[in-house]
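Side chains included, hydrogens not; waters and symmetry mates left out as well; all remaining heavy atoms used.
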Amino acid sequence: MMKGGGGDVGASSGPLDWRFSQVFGERSAGEEVQEVDIISAIEFDKSGDHLATGDRGGRVVLFERTDSKNASGGRKDLEGSDCPVRHPEFRYKTEFQSHEPEFDYLKSLEIEEKINKIRWSQTANGALFLLSTNDKTIKFWKVQEKKIKKICDINTDSSRTLGNGSVPSSTNSNVTDSCLTNGGLHDKYLCNDYSFPPEGFPSLQLPAVTTSHETSPVARCRRVYTHAHDYHINSISNNSDGETFISADDLRINLWNLEISNQSFNIVDVKPANMEDLTEVITSAEFHPTHCNTLAYSSSKGSIRLIDLRQSALCDSHSKLFEDTATPASRSFFTEIIASVSDIKFAKGGRYILSRDYMTLKLWDINMDSGPVSTFQVHEHLRPKLCDLYENDSIFDKFECCLSGDGLRVATGSYSNLFRVFGVSPGSTETTTLEASRNPMRRQVTTPARPSRPSLSSITRVVRRGAESPANGDGNGNNSFDHTTKLLHLAWHPTENSIACAAANSLYMYYA
């Protein structure tokens with residue numbers, strides 16, 4: 001049995017029936033998408049009750065779950081009742097400008113405001129905390145509900161005024177109206193010298209500020225972590241100790257304390273003495289979900305290194321190295337490019353690591369460094385088109401990956417706004433292709449059933465699956481695709497089978 005989110009889980013019951021749930025920011029047909037509105041980061045918090053997105057305009061948008069607040073009783077109670085369990089529903093909570101465009105005068109370099117990564121931190125006192133980063137600067141945000149202050153009028157005489165200087169109705173026209181509320185004056189006092197009337201203002205009203213029972217979320221920047229990276233930041237990851245986090249660029253990984261913004265410790269440095277000797281760069285980094293001393297980082301050569309912070313202050317040497325030792329059938333100019341790992345994620349229990357390169361998804365067992373446990377083909381049908389993809393730079397697209405909370409399934413994006421879900425439990429042949437639209441199954445391709453191999457244990461099992469199901473086929477072998485519409489960012493709900501994914505400026509949500 002394969003371990004999922006902290007315990008042993010059996011084989012999945014079969015492919016999930018994915019359904020459309022919600023869409024935010026859906027654009028109409030023919031509507032042009034503004035560059036600043038394109039979503040560049042998605043992240044659920046640990047509870048799954050909040051979802052954050054970042055865009056290329058430097059904004060962070062928060063959504064909160066609504067169905068869990070309205071539901072009464074536990075999940076078992078709901079399952080026993082006639083009312084079925086509702087799928088996760090979210091609503092817009094708030095948004096704020098996290099980053100602004102900057103200019104580095106020393107290097108004559110423009111720094112984009114685009115949000116590269118968002119990571120939730122531990123909540124405290126009912127407030128939400130999260131980290132966001134662009135290419136150079138990391139910010140620590142606190143989002144808290146604040147009571148709304150309102151300005152109220154006091155001692156308003158409704159028989160004399162209609163409010164804020166309005167003239168009374170004709171039924172009260174015989175009433176002396178030389179004094180109006182809030183400084184309103186009779187016409188005889190409106191002269192050029194603006195002098196005060198001799199008798200003053202008997203009914204001058206001053207506004208009173210009161211605090212209402214209504215609340216509104218307010219975002220405040222608590223810390224700014226800057227001047228620590230010479231190259232573009234590609235990853236940030238919170239530690240399970242709740243006190244520290246890491247940030248990674250192409251050549252270095254730094255360790256920060258959340259409360260100290262002017263100092264960080266360099267824990268990984270792969271920069272050679274001579275830059276001409278540079279052969280690989282860091283592409284992604286993430287802390288172990290439960291072991292605060294362990295983290296993993298991937299490289300452009302397709303390897304993943306596990307390091308232990310207890311070994312030394314500067315972790316030049318790794319404790320484990322994970323590489324796919326299977327040699328490709330034929331090496332080419334593109335072999336190293338497509339081997340570069342664009343994203344890694346730890347499973348909830350911390351035993352497995354999911355990695356995404358351009359062609360495949362790979363699942364690794366941290367106790368077995370001889371090779372991946374499973375390999376899932378995502379873009380094998382694009383191999384004949386690698387020259388074209390190189391010419392238009394699509395071969396350098398960085399697709400993200402995610403795992404379900406129970407560890408039974410993995411997902412990643414593709415072109416034509418498609419994403420793919422694979423089953424990873426022993427004997428599973430689940431391979432589902434979905435489109436980010438209101439009808440996710442309209443491009444579904446049926447995968448031929450493959451015989452299970454019960455003789456292989458879960459430790460030695462190596463599965464290569466997905467090549468027979470093109471990411472966008474018409475059933476006749478035509479593998480047309482649109483490289484301009486790509487689904488790079490997606491996230492899996494931590495406790496339920498619900499996926500949030502970004503298609504340009506639209507956020508689509510699905511459940512099963």
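- Using modelled atom types and a 3.5 Å distance limit, the side chains of H291 and S240 yield no donor-acceptor pair.
- Ring pair F287/F346: centre-to-centre distance not below 6.0 Å.
- The ring-ring contact (aromatic ring centres under 6.0 Å, His included) test with F129 is passed by exactly one of F245, F140, W120, W141: F140.
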Assess whether side-chain contact (heavy atoms from CB on, under 4.5 Å) is satisfied between L62 and E95, documenting all intermediate values. CA-CA 6 Å; L62 303 185; E95 68 178 274; over 6 Å; no
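- Ion pairing between a basic and an acidic side chain is recognised when a charged N comes within 4.0 Å of a carboxylate O; E430 and R409 show such pairing.
- Aromatic rings of F419 and Y510 (six-membered ring for Trp) have centroids within the 6.0 Å cut-off, being under it.
- Counting only heavy atoms from C-beta outward, the side chains of E64 and F90 never approach each other to under 4.5 Å.
- Looking at D406, its side chain never comes within 3.5 Å of a backbone N or O of T495 through a donor-acceptor pair.
- A side-chain donor-acceptor contact under 3.5 Å links N392 to the backbone of D388.
- The residues D308 and R310 are annotated as salt-bridged, a charged nitrogen and a carboxylate oxygen being separated by less than 4.0 angstrom.
- In this structure, D482 contributes its side chain and S416 its backbone to no donor-acceptor pair below 3.5 Å.
- A donor-acceptor pair shorter than 3.5 Å can be found between the side chains of S355 and W364.
- Between the R305 side chain and the S319 main chain, no donor and acceptor come within less than 3.5 Å of each other.
- Remark: the T432 side chain and the W18 side chain contain no N/O donor-acceptor pair separated by less than 3.5 Å.
- Taking a 6.0 Å sphere around NZ of K142, one finds it holds more than 12 heavy atoms contributed by other residues, nucleotides or ligands.
- Side chain of D45 to main chain of D49: a donor-acceptor pair is present (N/O by atom type, distance under 3.5 Å, no hydrogens or angles).
- In this model, no donor atom of one side chain and acceptor atom of the other lie less than 3.5 Å apart for R356 and S342.
- Between F63 and F24, the ring planes are tilted. Angles from 30° to 60° get that label.
- For the residue pair S298/T283, the side-chain donor-acceptor check at 3.5 Å is satisfied.
- By the neighbour-count criterion of 12 heavy atoms within 6.0 Å, atom OH of Y390 is sparsely surrounded, having that number or fewer from other residues, nucleotides or ligands.
- Evaluation of the salt bridge (Lys or Arg N to Asp or Glu O under 4.0 Å) rule for K345 yields D343 as partners, not counting sequence neighbours.
- Rounding to the nearest 0.5 Å places CG of D135 at 7.5 Å from OG1 of T133.
- Ring orientation note: the planes of H381 and H379 are nearly perpendicular, at an angle over 60° on the 30°/60° scale.
- Between H483 and Y415, a ring centre-to-centre spacing not shorter than 6.0 Å is recorded.
- By the 6.0 Å contact criterion, NE2 on H232 is enclosed, its count of non-hydrogen atoms from other residues, nucleotides or ligands being greater than 12.
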Please test V421 against I499 for side-chain contact (heavy atoms from CB on, under 4.5 Å), starting from the C-alpha separation and ending with a verdict. CA-CA 10 Å; V421 179; I499 292 179; 4.1 Å; yes
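- Comment: D230 engages R252 in a salt bridge, judged by a side-chain N to carboxylate O separation of less than 4.0 angstrom.
- Of the possible donor and acceptor atoms, one in the side chain of K139 sits under 3.5 Å from a partner among the backbone N and O of S98.
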Run L130 and S121 through side-chain contact (heavy atoms from CB on, under 4.5 Å) and show every step you take. CA-CA 5 Å; L130 53 93; S121 300; 5.7 Å; no
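- Taking a cutoff of 4.0 Å between a charged side-chain nitrogen and a carboxylate oxygen, D369 and K320 do not qualify as a salt bridge.
- Salt-bridge check for D104 with K136: failed, with every basic side-chain N at 4.0 Å or more from each acidic carboxylate O.
- Atom OG1 of T412 and atom CG of L354 lie 7.5 Å apart (nearest 0.5 Å).
- Of the possible polar contacts, none joining the N417 side chain to the S437 backbone as a donor-acceptor pair under 3.5 Å is found.
- Taking 4.0 Å as the cut-off between side-chain N and carboxylate O, R351 and D365 count as a salt-bridged pair.
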Candidate pair E286 and S237, rule side chain to side chain donor-acceptor pair (under 3.5 Å), full reasoning: CA-CA 5 Å; E286 182 164 293; S237 179; 4.9 Å; no
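- In this structure, the ring of H318 has its center no less than 6.0 angstrom from the ring center of Y297.
- Rounding to the nearest 0.5 Å gives a distance of 9.5 Å between OG of S340 and CZ of F396.
- Of the possible donor and acceptor atoms, none in the side chain of S132 sits under 3.5 Å from a partner among the backbone N and O of I118.
- Here R59 does not pair with E113 in a salt bridge; the nearest charged N to carboxylate O distance is not below 4.0 Å.
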